Amino acid sequence: MAVFISRRLIFLVFVMFGVSFIIFGLQMTFSPERRAMVFVTTPQQAKDIPVLIKKYGFDQPFYKQYFTWLKEVTSGHLGYSLVASDSVWRAFWRYFPITLELNIFSSPCIILFGIWLGTKAGQKANTFTDHFTRIFSIVGWSLPTFLFSLVMLMIFYGYFRLFPPSVLGDELTLLVYGNTGEFVRYTGMFTVDGILNGRLDVTFEALKHLVMPVLTQMVVICAILMRVMRSGMLEEMGKDYVITARAKGVDKKTTILKHARRNALIPVITVAGQLVAALMEGSIAVEIIFNRKGLGWWLAESAMQLDMPVLMSLCLFIAIVFVLANLTVDIIYAYVDPRIRLS
Amino acid sequence: MSALIEIKDLVTNFYTYEGVVKALNKISLEVESGLTFGLVGESGCGKSVLVRSIMRIVQSPGVIEGGEVKFHMKKNGKDEVIELLSLSEEEMRQIRGSEISMIFQEPNAALNPILSIGYQVSESFLFHISEQMCAKVLEDLESPRDNTNFIWKSFLRYAYRVGSKDAKALPLRIFNKIPILKCWDKRLKEEATRRSIEIIDKLHVPHPEQVVKSYPHNLSGGMKQRIVIAIALACNPELLIADEATSNLDVTVQAQILELLNELKKEYISSIMLITHDLGVVAETCERVGVMYAGNLCEVADVREIFKNPKHPYTKALLNSVPRFSTEGRLAVIDGFVPNLVNPPSGCRFHPRCPLTMEQCKQNVPDLKETGDRHLVACYAVD
Amino acid sequence: MLENHPRLKELRYTLFRIFRNPSAIIGVILLLFFISVAVFAPYIAPPKYPNRPYMMPRAGYTITPKPPDEKNIFGTTEGQYDIFYGVVWGTRTAFRVGLSVIISAVIIGVFLGTVAGYFGGKVDEIIMRCVDVVFAIPFLVLAMAIVVSLGRGLDVIIIAIAAVAWRTYPRVIRSAILSVREQDFVQAAKSMGVSDFRIMIRHIIPNSIYPVMVIAFMEAGSVVLTAAFMSFLGLGAPKGYADWGQMVALARNYIVGPPDDPLKFWYCIIVPGGAIVLFVLAWSLIGDALRDAFDPKIRRK
């Protein structure tokens, strides 16, 4: 077990090196002048560009710059984000809870619904449920998230006047971010903070704003999970041990749930782990269109402005999340499948 | 001797891309109770489909299309005849495992890899004799040695009293949905596990207490097959069907398992139906033999009769193709190929390979006819 | 003799399986429809400026979209760009993006995967670890960063997506190759002294290409989605270019109409949006049918 985990951690370090290398390489395609421009805010400073280049070492060879950067990061300086106009570290804790909150609500919905529907579809091929879920999954796969989000907004916000976008309404936003000390942001997740501050109206409002993003993610992402579950179930239903179970007189429900589904869940665990990990980086389209400023929004904004410190730090964060997710998946695997011993 | 199973005109087809595979072509067969009946034939001749049709566990795209299967069940000392194909799925479920049970070809695949052995064996008990076990648990609860706390005990007493009458009664189904109360069946499961250990022990598996806690991948092939047999025997079935139960095992293990089946036959089960392509196994263990070819039954007779006096040309050819130490020279083979069951030959399905083909063999399908001394043959050339 | 060649027989069976599946038929019909729209675009929507056919003509210079009428049968979007014209010529853009990305990604991916799987050892290790690293970066973020560093534009989007999308294929083809490599016919060819290159081309790739095909079809749709989203964010072609993603972006300010008629501007999002969905759906339906047809687990039942 210890060997297993340490091997994973070594792999993590390797991946982080590779990732930072690629992203660092991307910014090297810019001329030193253009990169120095980032620090220029007034026309007068424009003549300082050569000074800035010297100061930040933009004219040095790639490996030297890389090592300078590496030294900075390992000593804990992640840099300054222009997009957030704050240090990367502080800005991260501002954006991350928004993404986390959405995921806390959407991932269980996605996983449970996906597994449930996949089980229903996979019990018998070519039944009505099977066809329905197949169509649902293909359409879900083909729906562009940004377009679907827009249509959701059009219908639920525009037509029915329900479920507004963004994180909170204007009034409450003022309250929450105001410095009056009336509302303490313990976690940054307003559904939780509302309860902790005894302001259930904030919680309720936050939940109302969560409905549409959660629904959107469910429809779009469930499709993948359901598909894996369905094919797993179809395969399991033909296995000898399922026939054995039937031959010893086990009823249909137990045959499906205990004998077939538990086996079919094994590949689903991997996919679910990857999906949840991918959600952690923030669903870019959902966050942009529903105007929720979380990690996804920050990443997209930084990529468009080439805010390098942010891209670097977040990509490293994502690499960590992925490796941790894989580790969790492996541990769950060993729990579900007695044949696997971690080694 | 009284009949145990009477099959009449059983037809099972598989609907595949290549066309309709006519796997069983109006099979009629009678298996007497108290015997070991051997069913032999080449691979793909429909042996497995026949027994799976009896148990109604044919997998899609297979469909049982006609015929009847009468099963003589001894209930409370009375003989009751049941037509299996017309039962509801739930009634059939109750028969499976408790009256007719089955051992499969591949012990590795027949056990669920992620469920413990104990659970898999105890399932047989839980789905057939829950009531009986509830009564037993109730008895234990009443005994003075039991020291559960009073409230929980009276709850359990109520639950098991209901359970001993009907294990699927409404109150119990409600309990199953409520978090703490759903633990009522813990003792039932313990009782089932206790019985599992007992039955595994009877099959000469060493350390049964540890075996029930292990998983299939911890056991050897022979052990697994014993577990599969334990599952099948759990509820003392009238008929045990062994579908190539020994084909995939080592020769030594094979001998042990056959020995075990023989032994069990004396003590627990009234009849065994043994499916195999190994004539040696048949000669050793069976009392009566049926020979199948391409979805048809060609010959049924007592085992000595079959080996001494085979009448159907296919049986003769089959017996000739067994290697023997006493004879030298080339091994006899049957000319031609196993027919494609999508477009089977007209008339007798063996006629293209038969040395005695006559004109009527090409047009008509011969029926099984009694030719004396409990010997049935389906061939026009035998009269 | 040729009639019964096993590969031909297998192909015929595969085609049968594909076309027994109604979703494949719908997918093929949709795809044929889009192909003909793309091919006959100059006749369906004659360009206003023949030398710049991809620029959408404008029906005026007011900003607010106008509903469908005889002149603009799907209406006009923000800035009076004709939606019908944009959707028709946008089909060509979608094909250009989808096909060029998938073809280049498959070529790169299959090449690397084949090399890794066939030679094994150090080569395998290096290639697969690179794939791991690229996998660790979110697809969209990497693609966006590449676009920004190379300068915006449709061609840059194609390059950027291809530069990330190849990462799926090496793993797939490598695992397929590892199982094929050990099979007897490859060993036989090897023992007869057939060269590595020939073995790869003749034996290994044809036997492991199916999973790649399935994924390529499924991905072709999602590539178009990614490109559309990047155009939507303003990383793509210049304003006025016939591109579905950009048309959705133009509609973005009009998803909610005036209070008395909240769905007033439905056409400027539903029409180009519907085109994207149907286009992607066509590829996914075919990909899905292919997956079912090639899946050995359910194939021979």
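Note that the coordinates shown come from a computational prediction; the quantities given were computed from them, not determined experimentally. Just the heavy atoms: all of them, side chains too, but no hydrogens, waters or symmetry mates, feed the values below. Throughout, protein chains are lettered first and strands after them, A, B, ... in sequence-line order, and every chain is numbered starting at 1.
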Task: Euclidean distance, B/Glu90 CD relative to A/Lys252 NZ, rounded to 0.5 Å - done: 12.0 Å
- [ ] Keeping the roles fixed (side chain from B/Gln59, backbone from A/Lys239), state whether a donor-acceptor pair exists under 3.5 Å.
- [x] no
Task: From A/Asp251, A/Thr255, A/Val250, residue fulfilling side-chain contact (heavy atoms from CB on, under 4.5 Å) relative to B/Arg93 - done: A/Asp251
- [ ] Kindly compute the distance separating OG1 (A/Thr244) from CD (B/Glu123), expressed to the nearest 0.5 Å.
- [x] 10.5 Å
TODO: Calculate, to the nearest 0.5 Å, the distance between atoms CD and NZ belonging to B/Gln120 and A/Lys258 respectively.
DONE: 11.0 Å
Open item on the list: Looking at every heavy atom in both B/Pro113 and A/Pro338, which two are closest together, and how far apart are they?
Closed with: O-CG, 3.4 Å
Open item on the list: Under 4.5 Å from any heavy atom of chain A, what part of B/Gln94 do you find: side chain, backbone, both or neither?
Closed with: neither
Open item on the list: Counting heavy-atom pairs under 4.5 Å with chain A, which one of B/Glu106, B/Arg52, B/Arg96 comes out on top?
Closed with: B/Arg96
Task: Neighbour count >12 (heavy atoms, 6.0 Å) for atom NZ, B/Lys265 - done: yes
TODO: Pull out the residues in residues 261-268 of chain A that come under 4.5 Å of chain B, heavy atom to heavy atom, sorted by number.
DONE: A/Arg262, A/Asn263, A/Ile266
TODO: Decide if atom NZ of A/Lys120 counts as having more than 12 heavy atoms of other residues, nucleotides or ligands within a radius under 6.0 Å.
DONE: no
Task: A/Tyr241 backbone acceptor or donor facing B/Asn112 side chain under 3.5 Å - done: no
Task: Between CD1 on residue B/Ile103 and NZ on residue A/Lys248, distance to nearest 0.5 Å - done: 13.5 Å
TODO: Could you look at B/Arg56 and say if it's the side chain, the backbone, both or neither that has a heavy atom under 4.5 Å from chain A?
DONE: backbone
TODO: Using a 4.5 Å cut-off on heavy atoms from C-beta on, say whether the side chain of B/Phe127 contacts that of A/Thr254.
DONE: yes
- [ ] Please look at B/Ala110 and chain A and tell me whether the side chain, the backbone, both or neither of the residue comes under 4.5 angstrom of a heavy atom of that chain.
- [x] both
Open item on the list: Show the nearest heavy-atom pair for residues B/His128 and A/Gly249, with the distance to one decimal.
Closed with: NE2-CA, 3.8 Å
- [ ] Rounded to the nearest 0.5 Å, what's the gap from CE on B/Met102 to CZ on A/Arg246? Could you check?
- [x] 11.5 Å
